[in-house]
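This report concerns only the one structure given below.
Just so you know, these numbers come straight off a predicted model, no measurement behind them.
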Protein chains: 2
Amino acid sequence: MTSRGAGPLYQRIADNLRARIQSGELAAGAKLPTEESLTKTHGVTRATVRQAVQVLVNEGLVVSERPRGHFVRRIERLIYRPQKEWRERPTHPELDQFMDEQVELGRKPSQTIAVELAAPPPDVAARLGLAEGDTVVIRKRVRYLDGTPFNTNDSYFPLELVQGSEIMHPADIGRGANQVLAELGAEQTHAVDEIEVRMPTPDEASRLEIGLGVPVAMHRVTGYTDNGRPVRVVRNVLPGDRHLIAFERTRPAKPQKGDEQ
Amino acid sequence: MTSRGAGPLYQRIADNLRARIQSGELAAGAKLPTEESLTKTHGVTRATVRQAVQVLVNEGLVVSERPRGHFVRRIERLIYRPQKEWRERPTHPELDQFMDEQVELGRKPSQTIAVELAAPPPDVAARLGLAEGDTVVIRKRVRYLDGTPFNTNDSYFPLELVQGSEIMHPADIGRGANQVLAELGAEQTHAVDEIEVRMPTPDEASRLEIGLGVPVAMHRVTGYTDNGRPVRVVRNVLPGDRHLIAFERTRPAKPQKGDEQ
DNA sequence: CAGTGGTCTAGACCACTCG
DNA sequence: GAGTGGTCTAGACCACTGT
């Protein structure tokens, strides 16, 4: 199954290393053989060995920690609940079966907040019903856990809606930005959730200190007032290796038909 | 512009190309300059140019269509609704709801079904409460839309539960596997949903015909009976460039506090 | 200062598709 | 058959980290 006959040399070397990782011979955190030593064991040049290792890096299995060497990636995911603020307790005890054990064991959270005025990105413009030339207020947050970036949380508001309000101050809003919106006569009463999966932009990669081979999920929430006016878009960017997204179903009824789950 | 600040040559070439893609100068589907021509315009060797292009490929911005050249990736996402099966909709028995929805859009769906007996992967074993040496029945499906793979849908059942039942036949189950479970006295009444974001395994990449630079979302559903016994795990693997995950919130109530959305 | 990976050059041959 | 990207060799020099 592993080094089946043909294929490029670098793929066969990559297959060999991948198999050793998956078998546990090279456990999480273990150091890979040096490129130099791989050239000898496989009888190829260093360029070929590097190509093989690059395959594993792009698969997210291996990280480079220059100049100490390459290491098997450690993956540790925390639970992310997109619906969190509308749920205090799960409806069924089983829901926590695989989650409670992982949840916060005395971690130290922190965050940074910045406020910018800028033109909205296309997806935000479309959802707020703005033109790309319009201006939005952006509250940009990066959340950290034990000092490493955990996710980003950027809120976009139409400028004329929040002009001069507390939302434009780069500090935590104790009662929540939604409460401020309500005071401005634009209370957000419902929302649409979307999740997009892709590789990070260079910007996102640097904000989140993401290595090669780590994709992100962008969780986008569009908030509406009672009469259907969009007043807010939130974009949460979650590094794939640090999050497990969990959510609950609406109706605890019987599935009706089919295998569509 | 070109020699902005420092950095490796290949990164600057990649930055240049990325900017031209994002500005629209190189639109979706457009052909990139050939590697040969890039060596001339930037005065470097082909290896360096290839390194630059590889960056964009790994970001998912560019695809290679050998030997025609490199092209700006076209991204077209369809909506994926993890909660779909609990919406009430009349359907034809032959088609499950995924297919059903796409048929309405004039697409041509198809699928393959295979049944295997094997040891469960670790995540499935943990959720079904099995040891890794135990055996599960796996119903493996690949769904196609207009001939291209769209996602995979693999269901795992404990062998002793479904032994000899219709679930072990590699054909569509009109009334749904959940109905069969109910007839076996193990009706699934609630479920836990998880989404994991990562790069595909080589297996997944080949099953789904995924190119480099395309991550996947794995949507995992664990189904339980009324008394909390896990009877089924479903793993849906969704290529990131073909899906937009959408879901609904439970209560149309006011958000309670904070910006946690 | 030795060891490691990161970058880059200068070539070569191959496989595949298109006109 | 021409043009393209895919693979591979044989070197070289650099930057950084730990001893």
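- Taking every heavy atom of residues 65-74 of chain B and every atom of DNA chain D, pairs under 4.0 Å involve R66(B), P67(B), G69(B), H70(B), by number.
- Residue whose closest nucleotide on DNA chain C sits further toward the 5' end, between Y10(B) and R46(B): Y10(B).
- Considering D154(A), T201(A), T112(A) as possible partners of R207(A), the one that fulfils the side chain to side chain donor-acceptor pair (under 3.5 Å) test is D154(A).
- Near-neighbour residues of DNA chain D inside residues 49-56 of chain B, defined by a heavy atom below 4.0 Å, number-ordered: R50(B).
- With no hydrogens or angles considered, a side-chain donor-acceptor pair links N153(B) and N236(B) at under 3.5 Å.
- Looking at D134(A), its side chain does come within 3.5 Å of a backbone N or O of A131(A) through a donor-acceptor pair.
- Of the possible polar contacts, one joining the R242(A) side chain to the P149(A) backbone as a donor-acceptor pair under 3.5 Å is found.
- Using modelled atom types and a 3.5 Å distance limit, the side chains of R143(B) and Q111(B) yield no donor-acceptor pair.
- One N or O on the side chain of R73(B) and one on the backbone of G60(B) form a donor-acceptor pair closer than 3.5 Å.
- The ring of F150(B) has its center no closer than 6.0 angstrom to the ring center of Y144(B).
- A side chain to side chain contact (heavy atoms under 4.5 Å, CB included) with R18(B) holds for exactly one of N16(B), I21(B), D15(B); it is D15(B).
- Shown here is I113(A), whose CD1 atom has more than 12 heavy atoms of other residues, nucleotides or ligands within 6.0 Å.
- When DNA chain C is scanned 5' to 3' for any atom under 4.0 Å from a heavy atom of chain A, the first and last hits are dG3(C) to dT7(C).
- Base engagement by T45(B) is indicated by at least one non-hydrogen atom pair under 4.0 Å involving a base atom.
- A donor-acceptor pair is defined here as one N or O able to donate and one able to accept, closer than 3.5 Å; no such pair exists between the side chain of E209(A) and the backbone of S206(A).
- Mapping E36(B) and T48(A) onto DNA chain D by nearest heavy atom places E36(B) closer to the 5' end of the strand.
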